[in-house]
A.B. asks: 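Sharing a structure with you now.
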Amino acid sequence: MLSIAVSIAFALVSGALLLSLWRLLRGPDKPDRILALDTLYINTIALLVLLGIHLSSSLYFEAALLIAMMGFVGTVALCKYLLRGDIIE
Amino acid sequence: MKLRLLPHPILTPVLALIWLLLVNSLSPGQILLGLILGWAIPVFTLRFWPERVRVHKPLTLMRFLAVVMYDILVANLAVAALILGGPKHVKPAFVRVPLALRTDLGISLLANTVSLTPGTVSAWLSPDRSHLVVHGLKVNDPDALIAEIKRRYEAPIKEVFEPC
Amino acid sequence: MLEMMLSVLIVVGALFTFIGSLGLARLDDFYTRLHGPTKATTLGVGALLIASVLYFSTRGEGLSLHEILVTLFLFITAPVSAHLLAKAALHLRVRSIAPPPPEAEEPLADTRVRTGD
């Protein structure tokens with residue numbers, strides 16, 4: 001039961017990753033691409049959590065936490081760049 | 001003196017709790033280390049947090065948190081339905097919400113709450129902090145949306161953090 | 001019973017994640033696209049993380065609550081990045097279905113004068 005659910009979830013999250021990737025490649029504006037990147041990293045967190053459940057290993061938690069932090073900092077830095085034309089003033 | 005030694009009484013237990021979650025353990029040593037970190041971090045970063053946060057009505061805060069949790073769940077179902085319905089069903093609009101809140105904490109709490117709940121994202125704060133521009137995914141009646149935000153979220157935040 | 005609950009949580013979480021990205025790919029302008037990822041995806045990942053907490057806590061090795069940290073972190077950061085993205089889009093005058101508020105698009109609307117485009 002659980003393994004079927006995890007398989008379905010893997011398929012759905014992979015679909016989500018592909019849709020975000022499509023938006024990342026297509027644009028059309030810079031904020032769209034940043035939003036797509038933001039979504040991509042959140043989807044990656046979902047994929048890592050699923051992998052942790054699938055392999056019964058809590059090792060993947062640290063990776064998920066690191067991606068959550070670095071992804072947020074990256075999004076903020078990119079937005080800041082768009083707003084000011086500079087990251088560190 | 002009390003202010004110097006324990007500048008943020010709420011932050012200390014929160015930091016200790018986050019430390020315990022991070023190490024995923026409840027041993028006495030880790031609790032002690034968490035409390036030390038929870039004391040040291042606010043003291044050494046005091047210059048970044050000059051204001052002292054005061055919670056005036058904990059019960060109202062609890063009720064507000066429950067309302068926000070419920071709204072997040074409902075909001076997600078509503079937004080999911082709109083997305084599945086396709087681009088024809090959305091009716092986006094920008095609305096200007098006049099703010100009664102004055103402090104940084106109050107305004108940022110309101111903006112974050114608005115972003116997390118029913119089909120709205122806070123988009124822009126006017127430089128004089130008198131208005132918050134909110135983008136709604138499906139706005140049939142802008143005035144009703146403004147009234148809803150003010151009544152449901154702004155009023156409790158003001159009551160808890162800015163009672164004057 | 002527990003397995004049932006876990007399976008439902010996992011599938012619902014993944015479904016919300018998918019719907020969030022579907023919104024990102026499908027809707028018409030930037031501001032409406034912003035809604036999908038900030039809400040649906042955050043809740044979806046939240047549900048998956050709760051499933052993970054349940055799964056690892058019931059394996060007999062004691063409570064495992066550190067996934068709550070990721071959930072908490074996502075719920076704090078998602079609105080912040082959404083707000084910054086919306087602000088950046090207003091600043092760049094990205095095409096919008098809804099008429100944007102005129103004062104937000106003024107070049108001098110920011111408290112500081114911007115330099116170098």
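Letters go in sequence order (proteins before strands), and every chain restarts at 1. No hydrogens, no waters, no symmetry mates; every other heavy atom, side chains included, goes into these values.
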A.B. asks: Begin with the C-alpha distance, continue with both residues' side-chain angles, and end with the deciding distance and a verdict on side-chain hydrogen bond (donor to acceptor under 3.5 Å, both in side chains) for C:S21 and A:S20.
C.D. replies: CA-CA 6 Å; C:S21 291; A:S20 314; 3.2 Å; yes
A.B. asks: Should the heavy atoms of other residues, nucleotides or ligands under 6.0 Å from CD1 of A:I4 be counted, would the total exceed 12?
C.D. replies: no
A.B. asks: Of all of A:D29, A:V6, A:T39, A:D32, which one pairs up most often with chain C through heavy atoms under 4.5 Å apart?
C.D. replies: A:D32
A.B. asks: Go through the atoms of A:V49 and report whether side chain, backbone, both or neither lie under 4.5 Å from a heavy atom of chain C.
C.D. replies: side chain
A.B. asks: Between A:R23 and C:L27, what is the shortest heavy-atom contact and its length?
C.D. replies: NH2-O, 4.0 Å
A.B. asks: Using heavy-atom distances under 4.5 Å, tell me whether A:S56 contacts chain C through its side chain, its backbone, both, or neither.
C.D. replies: both
A.B. asks: Given heavy-atom pairs under 4.5 angstrom as the criterion, report whether the side chain, backbone, both or neither of A:L50 touches chain C.
C.D. replies: side chain
A.B. asks: Under a 4.5 Å heavy-atom cutoff, which of C:T17, C:I19, C:T42 has the most pairs with chain A?
C.D. replies: C:T17
A.B. asks: Quick check for you: to the nearest 0.5 Å, what is the distance between A:I8 atom CD1 and C:S7 atom OG?
C.D. replies: 9.0 Å
A.B. asks: Can you name the closest pair of heavy atoms from C:V70 and A:I45 and give their distance?
C.D. replies: CG1-CG2, 4.1 Å
A.B. asks: C:T77, C:V80, C:V45: which one forms the most heavy-atom pairs within less than 4.5 Å of chain A?
C.D. replies: C:T77
A.B. asks: How long is the straight-line distance from OH of C:Y55 back to NE2 of A:H54, given to the nearest 0.5 Å?
C.D. replies: 10.0 Å
A.B. asks: With a 4.5 angstrom heavy-atom cut-off, could you sort out which part of A:A11 is near chain C: side chain, backbone, both or neither?
C.D. replies: neither
A.B. asks: Taking atom CG of C:L84 and atom CZ of A:F72, what is their separation to the nearest 0.5 Å?
C.D. replies: 7.5 Å
A.B. asks: Using non-hydrogen atoms only, which part of C:F73 is less than 4.5 Å away from chain A: side chain, backbone, both, or neither?
C.D. replies: side chain
A.B. asks: Hey, which of A:T75, A:V13, A:L65 has the most heavy atom pairs under 4.5 Å with chain C?
C.D. replies: A:L65
A.B. asks: Atom CZ of C:F18 and atom CG of A:N43: how far apart are they, to the nearest 0.5 Å?
C.D. replies: 10.5 Å
A.B. asks: Can you see which heavy atom on A:C79 is nearest to which on C:A88, and at what distance?
C.D. replies: O-CB, 4.3 Å
A.B. asks: Within this structure, what is the CH2-CG distance for the pair A:W22 and C:L24, rounded to the nearest 0.5 Å?
C.D. replies: 9.5 Å
A.B. asks: Would you compute the distance between atom CG of C:L85 and atom CD1 of A:I34 and round it to the nearest 0.5 angstrom?
C.D. replies: 6.0 Å
A.B. asks: Quick check on C:L74 against chain A: is it the side chain, the backbone, both or neither that has a heavy atom closer than 4.5 Å?
C.D. replies: side chain
A.B. asks: Do you know which two heavy atoms are closest between A:L83 and C:H91, and how far apart they sit?
C.D. replies: O-NE2, 3.3 Å
A.B. asks: With the side chain counted from C-beta on, respond yes when A:D38 and C:P37 share a heavy-atom pair under 4.5 Å apart, and no when they do not.
C.D. replies: no
A.B. asks: Contact part of A:S57 toward chain C, heavy-atom cut-off under 4.5 Å: side chain, backbone, both or neither?
C.D. replies: backbone
